[in-house]
Structures are given as C-alpha cells and as structure tokens.
Trainee: 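Following this message is one structure expressed as structure tokens.
Both backbone and side-chain heavy atoms feed into the values below; hydrogens, waters and symmetry mates do not. In what follows, every chain begins at residue 1, and chains take the letters A, B, ... in the order their sequences are listed. These figures come from a predicted structure and were not determined experimentally.
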Number of protein chains: 2
Amino acid sequence: MSKPIEVAIVDDHTVLREGLRKLFVEDQKKRFEVIGDFGNGSDFLDYLKKKSCDVVVMDIHMPIRGGESTVELIHKKIPDVSVVILTMNTRNYMMEFMVKLGVYAYLPKESGSEEIKNSVLSARDKKMFFNRLLTAEKYKLIKNGRKEPSGLTLREQFITSLVASGLNTVEIAEKINLSPSTVSKHRENIMKKTQCSNIAELVTFAYQHQILELTPR
Amino acid sequence: MSKPIEVAIVDDHTVLREGLRKLFVEDQKKRFEVIGDFGNGSDFLDYLKKKSCDVVVMDIHMPIRGGESTVELIHKKIPDVSVVILTMNTRNYMMEFMVKLGVYAYLPKESGSEEIKNSVLSARDKKMFFNRLLTAEKYKLIKNGRKEPSGLTLREQFITSLVASGLNTVEIAEKINLSPSTVSKHRENIMKKTQCSNIAELVTFAYQHQILELTPR
DNA sequence: TTTCACATACGTATTTATACGTATTTTTTG
DNA sequence: CAAAAAATACGTATAAATACGTATGTGAAA
C-alpha cells in the first residue's frame, strides 16, 4: 500500500461521522486518511474547490444540500472523486439514480465496518462494490436499462417521491437545482402518466409502487 | 458523581453504535459505562432479562423489533430503565407516542455530543430533557391530553380520510351534505392539529394512523 | 348552569397547483 | 449518424387550497 486513501465523510449525523472517522483512523493497516467530515453537501463541495479527495462516504438525506444534487455535481465536475453511499434510503429508484451517476457502492446503514472499508477500497480503484442491496445482477439490470413498472422515468419517479413527501414545486426545484417551470412540467407529465388527478392520489400511487415507503409504527 | 451510569445502545447502524460508544467511553469525567450495544430491540430485551441498565439510547427504525414496541415493553415491565430516543424520525405523532410511553428525551440525529450526554444524565435522574424538537411547551401539550391517538375528532378523521383519498373540498361537501365552507374549516383545523403543511403529508399521516389503509396490489 | 369542545357556516386575501401551449438541449437508442 | 425519448425551461389562465377572522347551535362535563 503506497499512500493512504484520502477519505471524506459527509453526513448530517454528528455521532455517525465520529463513528466513521474512528473506523478509518483505527484501521490496522493504516490504509485511510480522513481528510475531513462535513454536515452537508455544500460544505464538502466548498472543500473540493481547494483540496483533493479520493473517496467520499456520503449519506443522502441532508439539510442544505442533499446527497442527490451533491453526487450529481461531483459526477459532472469532479469525476475523479469516487462516491460511496451509506444511507437508510433503500428504495430502488434511489439506488438506480445513484448507480447511474456512477457511485461505486450503495450501503444500507446496518453495514458492518469491514464492508464499509472494503467498499472504499473498491471505490478508490474505480471498481463497483456489490452487497445484499446492490447486487451484481441488479447492477446489470440498471446498466442495461430496464422499463420501469410504474411507467415513470427515473427523473419522474424522483420528483414523485419529493412531491409525495410534502415538498412544493419551488422547494423541489431548489433541492435538485432545477427551474420551478421544469419541475412544474414534470409534475404535469407525472399526473398524466399515473392518471392521478390530485396530490393525494399520487401519494397513494407512490406507496403502492415503492417510490415511497411507509415507516411502520 | 458516585458510580458511572450504565448505558446501553440500541441501533441497527453499526457505525453509529461505534460512534456513540466512543462518545460515552471517552467522556473526560468518566460518568458513563457502556454495558452493551445491540442491533435491534429484541437483543436488548434479552439482555435485560439477566442484567441491569440505567439508561438506553435507542433508535426507532430497526429490523426484528423496532423502537416502538421495545419502548412499550420496557415501559410496562422494566420502568426502571430510562429511555432516550435518538432518531431521524422527527414526526410529531411518533414523538407524542414516545413521550406518552415515558421516554426522557427525543433527539434528532443531527444532535451534538454534549446534547446526547446531557440527555442521558437527565434520563438517569428521571428528568425530562428538552431540545428544539421536544420543547417544554410541546411536552405540556402532550401531557395535558389530546385524547385520540391521531389527535383528531371523529368528524375530522372522517374528513381526513376523504381528503386523503383524493376528494376535493366541494366533492367532500356534496358527499356528506355540508357546506364547502364547513369542510374548508374542518380541513384548516385538521392541518393545524396534525401539523401537516400540505396534502401529501396528510395522506402519510392518514396511513400511519390507520385512517386510511393501503390496499396491496 | 355555565363553560367548553365540536360541528356548523360565511367572507376574503394569498399562495399553490393544474393544464394548456411552445421550444431547446441532452441523452438514449436503433 | 439519425431519430426518438427525456429533461430542460417559459408563459399564461384557471382552479383549488390555505390561512386568517367571525359567528352560531348543540350536547356533554365540571
């Protein structure tokens, strides 16, 4: 092992950042160097303007700038930075979205330490890391482009999930860096395709097509 | 400070358990002793059959046995164990549910280290710990009694179910022979009570409170 | 009995969603 | 490469929801 892998951590959960940091710092083989941890995507992107980073371990759900738009920006502007997603959002459409943006691993939050370390090693080498959530089979399916059972495109599914989780058009536009007009047009198309005539019906549609998940109580 | 507080950690996120453990173990004043960490509620309940514990820091969303039923069982059978909730489920109904089961703190996942430690100290002394999510005001409101689990009157629940199933104000008025103004006022009250800020959130609320049922496809 | 929660009802101003049309750019696919 | 599909964006008009205030009748509980 020549030089340690420069790892960044992006998650709004303070304790989890600490846990990840510890995991990398205390690696027996000294393979990692944590170059920073950040509470949102925005801070990390600021960091990247000045300094470098090999692999970033990132959550999706964050305030200010969520994982979606952060990964999108990294993918477009700084493709050298490899992304590993570590999240409790295990929905298929999100995984698909992230895989298409070139992330190298998609880990559920109950992943063990070794799994996380190995995914970072894979990502450093620009190699896909597979696990129970993102299997090689699923990866192939996504890459070979399959038809969505819901009839919605990926973008549409994504916006559906945001509408159904209670954001309005302007909030969605801000969240994923689009013009409100565009979001509005997507919503129009979504309503037509799903044959929903209002938001309430769309939320039910989202639950029934696993675009949203009902957290059991 | 006589003897250290026996703290247990229950969360399905491995890295987060590590982070919490570190936080308690590395306390300057040696006030805590982590007596175990568990990946689900079931394992923790098993532990409690044999050994003791002062305070448990617990997530809600977990496989096998989630926080809801775990806290419910602790509350009924082992009320000596104080519970601190640390979660990303910031929904009011969940907070209300947990407060009614006697948890001493309800922390969002972005809480800082000191906040978490202080909440455990409070819980050890059987004192409520308040923060931006669970304020003293909210706590009073919950304690001084909303009756319905949903907080809604029967009429309001009925109208909620109609709104959530996709009817608009005029359609609802026609369906149950009311003036649209009345329906509108009910809707206003419903939104206030449920603290929903739009229809999408209300639909989710309806599913979560069994006001609506999701028919499997 | 009188207070209180609930259900009823109206008015009004503001915000948000919906439903059209149009058009350019990007990505995918045959 | 060419065609098709998807994603982007704007304008404009109408419909609906939302958030206030106010008021009245009714039945149950303190």
Trainee: Could you give the CD1-to-P distance, from B:I199 to D:dA19, as a whole number of Å?
Mentor: 11 Å
Trainee: Taking B:D80's backbone N and O only, do any of them form a donor-acceptor pair with B:K126's side chain (distance below 3.5 Å, no angle check)?
Mentor: yes
Trainee: Which whole-number value in Å describes the distance from A:F158 CZ to D:dT8 C1'?
Mentor: 16 Å
Trainee: Under 4.0 Å: is that the gap between some side-chain N or O of B:S184 and OP1 or OP2 of D:dT18?
Mentor: no
Trainee: Using every non-hydrogen atom in the two residues, find where A:F129 and A:E115 come nearest and quote the distance to one decimal.
Mentor: CZ-O, 3.6 Å
Trainee: Rounded off to whole Å, could you give me the CD1-to-P distance for the A:I190 and C:dA17 pair?
Mentor: 13 Å
Trainee: Please confirm whether the backbone N or O of A:I190 pairs with a side-chain atom of A:T194, one donor and one acceptor, at under 3.5 Å?
Mentor: yes
Trainee: Can you list every side chain to side chain donor-acceptor pair (under 3.5 Å) pair that touches residues 5-15 of chain A, not counting sequence neighbours?
Mentor: A:E6-A:S52, A:D12-B:K109
Trainee: Closer than 4.0 Å, any side-chain N/O of A:R187 to the OP1 or OP2 of C:dT16?
Mentor: no
Trainee: For B:T70 and B:G41, work out which heavy atoms get closest and say how close.
Mentor: OG1-CA, 3.4 Å
Trainee: When you measure from every atom of DNA chain C, which of residues 168-178 of chain A have a heavy atom less than 4.0 Å away?
Mentor: A:N168, A:T169
Trainee: Which nucleotide in the set C:dA17, C:dC10, C:dT8 lies at the smallest distance from any side-chain heavy atom of B:H186?
Mentor: C:dT8
Trainee: Counting only N and O atoms by type, is there a donor-acceptor contact under 3.5 Å from the side chain of A:D54 to the main-chain atoms of A:V7?
Mentor: no
Trainee: Between D:dA19 atom P and B:M191 atom CE, what is the distance in whole Å?
Mentor: 7 Å
Trainee: Which atoms of nucleotides 21-29 of chain D (N or O only) lie under 3.5 Å from a protein N or O atom, and what are those distances?
Mentor:
residue: D:dG21; atom: O6; partner: B:K185; partner atom: NZ; Å: 3.4

Trainee: Check the phosphate of C:dC10 against B:S179, side-chain N and O only, distance under 4.0 Å to OP1 or OP2. Yes or no?
Mentor: yes
Trainee: Where along residues 75-82 of chain A does a heavy atom come under 4.0 Å from DNA chain D, residue by residue in number order?
Mentor: none
Trainee: What bend angle does the helix from C:dT1-D:dA30 to C:dG30-D:dC1 show across its length, from five-pair end axes and to the nearest 10 degrees?
Mentor: 60°
Trainee: Find the distance B:E156:CD to C:dA5:P and express it as a whole number of Å.
Mentor: 13 Å
Trainee: Grab the CZ-C1' distance between A:R155 and C:dT27 for me, whole Å please.
Mentor: 13 Å
Trainee: Hey, does B:R132 have a side-chain heavy atom less than 4.5 Å from the side chain of B:E110?
Mentor: yes
Trainee: Restricting to side-chain hydrogen bond (donor to acceptor under 3.5 Å, both in side chains), what partner residues turn up for B:S165, sequence neighbours left out?
Mentor: none
Trainee: If only atom types and distance count, is the side chain of B:K127 paired as donor or acceptor with the main-chain N or O of B:Y104 below 3.5 Å?
Mentor: no
Trainee: Where is the tightest heavy-atom contact between B:V15 and A:L16, given as atom of each residue plus distance?
Mentor: CG1-O, 3.9 Å
Trainee: Ignoring backbone atoms, test whether A:T182 places a side-chain nitrogen or oxygen under 4.0 Å from the OP1 or OP2 oxygen of D:dT8.
Mentor: no
Trainee: May I ask you to test the A:Y47-A:I35 pair for a side-chain heavy-atom distance under 4.5 Å?
Mentor: yes
Trainee: Could B:K192 and B:E156 be called an ion pair, given the rule that one side-chain N must be under 4.0 Å from one carboxylate O?
Mentor: no
Trainee: Any side-chain donor-acceptor pair under 3.5 Å between A:T204 and B:Y207?
Mentor: yes
Trainee: Return the value, rounded to whole Å, for the distance between atom NZ of A:K193 and atom C1' of C:dA19.
Mentor: 17 Å
Trainee: How long is the line joining CG of A:L202 and C1' of C:dT16, in whole Å?
Mentor: 16 Å
Trainee: So does A:E171 get a backbone contact from the side chain of A:E174, meaning a donor-acceptor N/O pair under 3.5 Å?
Mentor: no
Trainee: Using a heavy-atom cut-off of 4.0 Å across all strands, would you classify B:N189 as base, sugar-phosphate, or nothing?
Mentor: nothing
Trainee: Is any side-chain nitrogen or oxygen of B:S181 closer than 4.0 Å to OP1 or OP2 of C:dC10?
Mentor: yes
Trainee: Taking A:G166's backbone N and O only, do any of them form a donor-acceptor pair with B:N198's side chain (distance below 3.5 Å, no angle check)?
Mentor: yes
